[in-house]
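This report refers to the structure that appears directly beneath it.
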Amino acid sequence: MQIFLKKISLTLFIPVSLALLTLMWQQIITAKSLDKATHNKVQKLGELAKNDSIPDTTQKVQILTLYQPLQHLQWEGERVSNTGIAYFSLDGFSNESISESDLDVARTSQDPDKIAKTLAALGLSRHLQGEYDKAINYYKQGLEISKQNAYSELEVILLGNLGLAHVQQGNYYAEAIDYLNDYWTLIHDRKQNSNTAQTQEAQALGNLGNAYYGADLYVKAIAFHQKRLALSRKIKDKAGEAKALSDLGIVYQALGDAKKAIDYQQQALAQAQQIKEQSLESFALGNLGIIYQNQGDYTKASDYHQQRLAIARQLKDLRSEAEALANLGGVAYFQGDYNKAIALYEQGWKISWERLHDADILYRIRGNQGLVYFQMGNLDKALESYGKYFQYASSRNNHREQGIAKINAAAVRLQSGNLAGAAKTLQEAIEIWESLRARLGSNDGFKISIFETQNAPYSNLQSVLVAQNQPEAALEVSERGRGRALAELLSRRLSAVPTQKEAPTATLASPTIAEIKKVAQNHRATLVEYSIVPGNFLVEGKLETHESELLIWVVQPTGNITLRRVDLKPLWQCQNPQFCYPKGVTDLVSKTRELLNMRNPTLERSSNTSSVSDKNPLHQLHQLLIQPINDLLPQDANAHVILIPQRSLFLVPFATLQDATGKFLIEQHTISISPSIQVLDITYKLRKKSGASKNSDSNLIVGNPTMPKIVTQLGEPAEELPALPGAEQEAKAIAQIFQTKALIGANANKSRVIQQMSNSNLVHLATHGLLSDFRGLGVPGAIALAPDPTVPGQPSTEENGMLTASEILDLKLNAELVVLSACNTGRGKITGDGVVGLSRALVAARVPSVVVSLWAVPDEPTALLMTEFYRNIQHQTDKAAALRQAMLTTMKHYPYSLDWAAFILIGQP
């Protein structure tokens, strides 16, 4: 099945830079050492890597720890204690002087009402003192009596306090959630419409959402916070609305969606400022500071934390003051001012120890102080801090912070020369964090998002294993750290009974070395897996994130596995702006694509010389990505080479990379792409399965549909996309090859195309491809089709005619091949799971082979390339070979790489 898209590309995606907090190797360098890096050094990398003799240009290598900002969930009740403990108060009872003797008196009276209220008051007294076990015991006794005697008001309060006591104790699981859910259900079932009752219900929803967040069940957390937000808006509770917005921002921050997190927190801040609710303003300011701190924007982070500190001191809010001081300490740490960091941490510690007695803050401050001790060389003190931090996180069942503590400890063990201990600890961290993804069920979007926060231990463990001379074990970790959500989604769909609804399954195991070798053997192909290892570098006293090293594994059909290493530091360690790439390979790829779009002659092969220019970025990319492994690639140009890129490497036009003589890679090898080796294996099984159950030889060819109207700029009216007469001619020519009729104009409406797609073996869509996330589901990309005919009396929808990537994700296609002959259809949101967009959606819809484009493709060369591709397909089943031959033919007529090198084959060759 093939699908083609055409000439418009909106909302261009700019590849995101690697997060500053990604755990990785740190090479400490001086400003002077930067001066020594030159462009000529880059040219030597291929040969150096080939001989495994890359020089160490740094003084010392370390892996850094992860920093955990202080962020406290606010539990809502009628009152909040001076230590920040939220609780539901008991009218008419003093909670300060009540004791066991009061309970004895109540029991002597044999009055159930008095006994129940005394138990509740005793529980609350212990609750406020932080004695949660005793509080829970009293609450439970009071709850049982309240249920037996139908004391509904007291039952509600006790259920709420039981839930809060459990979550404040750190138990976010069954009992805590059950109590809070029962509490909300009782309030909801009363059907009371008073503002007070509905406000109480809204708070119950918020507390339940926070309990699910604390249990790392983010899907449920979002659902309940959204319910709380809707109810707060309904009853015009502005404070509740601000709190719900801020709580949603916290969940999206944990999922790695910084854009949504900032948006929600900014809305919460504006709302809090409007109603002059300083406690909520402080909460939103602190959360914004943490988000920007995680992104490495320390100026904004410091500003927000300082604003929060001022409000906290004005309100005499000790918890917020301690958290703001500690988070400012974190900013100072990343800016290299360790003395200031320690001073701020000690100020926060003093408040927490002497006035709050709050273990949450105390242990987190000590954990972060371990970072400073580590950088100052006090490894024993650092390890002690991390050990206590891990014990605390374990007592709270906090998997995220358990993982951070393990990663930090691994850094100390590595620095101490204990490689085996570091590797073991990183393995433990990975297992802990993978348990978080397992809690997301089948929510593909959330799994992609949370993995963006979990890259650290995978990168570090690869480096540690390579240092131990265990390249095959490092390859297993590389596979374990990429394409996981897509592999799990495909695995569920591969094994699911078609009539049954997909259900969440256990986390899919990553492939072993034996299984990886089997994949290469099954495909009779050479697999090339790339892994970019980022590093935190101390540059001019500040921590900066840069690409440090490129690991390249070559898995040959014989099962032989070889690792080659390439030093990426010379790309950014330079002074000459012409050859300096601050973001490493990411910038080099961006510059290459920019020059391609300009038809810059520097990139093209000259007929007058036998070698390419040293200024040619395509040659630089060849030296980094191909030259180090050139001796391991097959000599037969028809043998398959399957590339498994990572991050920005997904945007590399591999076909047009040039060696020293100017020869393009496509002239030497038959290439295709896969997000991971495991995804390649699953698509192989999908292809076999679809071949066995194939019941249709029909082909769907679409060209130049009647274009839908879309909004191209916010605030502007919708405009009809321009027609594509060239795409129409292309579709007709291809339809003639297959002796079928193309769907053109109004006949190519959305409903008809979807219906025929599901039953076709080949689909070709020649139309506009767009990069926008039309439905806001985190899956960018759409295909422009003709709007469906309007039904009398029913208005046309805004999206009528746009087939979005998120809709494709839900389709069950039986196609063998999908080709998107349009602009930028191979692009999207670059993540650790690969490129999230149209291509991934089609693979997830069970299509084993997809052809997409990396940039805006011109009409005439594309028409030639596609017709040649289909003519080749008719004579062979090898799609990668067919695409290669089509490129070589097109190259003769249109020599510019822009005209023939845009298309890539993803999946099965």
Side-chain angles (χ1 to χ4, degrees), residues 71-77 85-88 132 136 156 159-188 200-232 240-257 260-261 264-265 268 283 287 290 360 393 395-403 432-451 453-454 503-504 507 778:
Q71 185 174 46
H72 179 70
L73 286 177
Q74 291 186 351
W75 301 97
E76 294 181 87
I85 295 177
Y87 64 97
F88 296 97
Y132 298 117
I136 288 169
V156 167
L159 283 168
N161 280 337
L162 269 166
L164 293 181
H166 273 290
V167 297
Q168 286 157 0
Q169 186 186 36
N171 177 16
Y172 292 95
Y173 296 97
E175 282 192 304
I177 290 174
D178 284 346
Y179 285 130
L180 288 172
N181 192 64
D182 288 345
Y183 169 71
W184 166 63
T185 302
L186 276 177
I187 295 173
H188 179 71
Q200 192 179 20
E201 180 179 356
Q203 289 178 342
L205 288 166
N207 284 335
L208 190 51
N210 281 338
Y212 278 118
Y213 169 79
D216 306 309
L217 297 169
Y218 304 132
V219 181
K220 286 278 192 180
I222 288 173
F224 277 95
H225 286 320
Q226 288 286 8
K227 287 180 181 179
R228 193 263 173 89
L229 179 62
L231 181 55
S232 295
E241 182 179 346
K243 181 61 167 60
L245 288 165
S246 211
D247 285 339
L248 278 165
I250 290 174
V251 182
Y252 279 104
Q253 176 193 335
L255 283 168
D257 193 335
K260 275 190 177 178
Y264 277 119
Q265 298 296 353
F283 189 52
N287 290 331
I290 288 169
D360 277 349
S395 73
R396 311 289 282 182
N397 292 307
N398 190 318
H399 288 65
R400 283 166 296 181
E401 295 187 35
Q402 283 178 315
I432 290 170
W433 276 5
E434 285 182 348
S435 72
L436 297 181
R437 297 210 301 276
R439 292 166 175 268
L440 296 175
S442 59
N443 192 305
D444 181 61
F446 287 162
K447 285 188 175 184
I448 295 170
S449 184
I450 195 174
F451 192 72
T453 70
Q454 297 183 340
T507 302

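Here the straight-line distance linking atom CD1 of I136 with atom OH of Y132 works out to 9.5 Å at 0.5 Å rounding. Rounded to the nearest 0.5 Å, atoms CD1 (I222) and CD1 (I250) are 12.5 Å apart. One distance of note links NZ of K220 with CG of N181; it measures 8.0 Å at 0.5 Å rounding.
In terms of the side-chain hydrogen bond (donor to acceptor under 3.5 Å, both in side chains) criterion, residue partners of Q253 (sequence neighbours excluded) are, by chain and number, Q71. Contacts of W184 classified as side-chain hydrogen bond (donor to acceptor under 3.5 Å, both in side chains), with partners at least two apart in sequence or in another chain: E201. Shown here are the side chain to side chain contact (heavy atoms under 4.5 Å, CB included) partners of D182, two or more places apart in sequence or in another chain: L159. Qualifying side-chain hydrogen bond (donor to acceptor under 3.5 Å, both in side chains) partners for S246, counting only residues two or more places apart in sequence or in other chains: Q265, N287. Here Q454 pairs with R437 under the side-chain hydrogen bond (donor to acceptor under 3.5 Å, both in side chains) rule; sequence neighbours left out.
Side chains of Q200 and V156 form a contact here, defined as non-hydrogen atoms less than 4.5 Å apart. Counting heavy atoms from C-beta outward, K243 and Q203 have side chains that stay 4.5 Å or more apart. Side-chain contact check for N210 versus H225: some heavy-atom pair is nearer than 4.5 Å. Looking at heavy atoms from C-beta onward, L231 lies out of side-chain contact with K227 at the 4.5 angstrom threshold. With a 4.5 Å cut-off on side-chain heavy atoms, V251 and F224 do not count as touching. Side-chain contact between Y264 and D247 is absent, with no heavy-atom pair separated by less than 4.5 Å.
Between A204 and Y183, the shortest heavy-atom distance links the atoms CB-CE2, 3.4 Å. Between A202 and S232 the shortest heavy-atom distance is CB-OG, 3.9 Å. Taking all atoms of both residues into account, the shortest heavy-atom contact from Y212 to A221 is CB-N, 3.7 Å.
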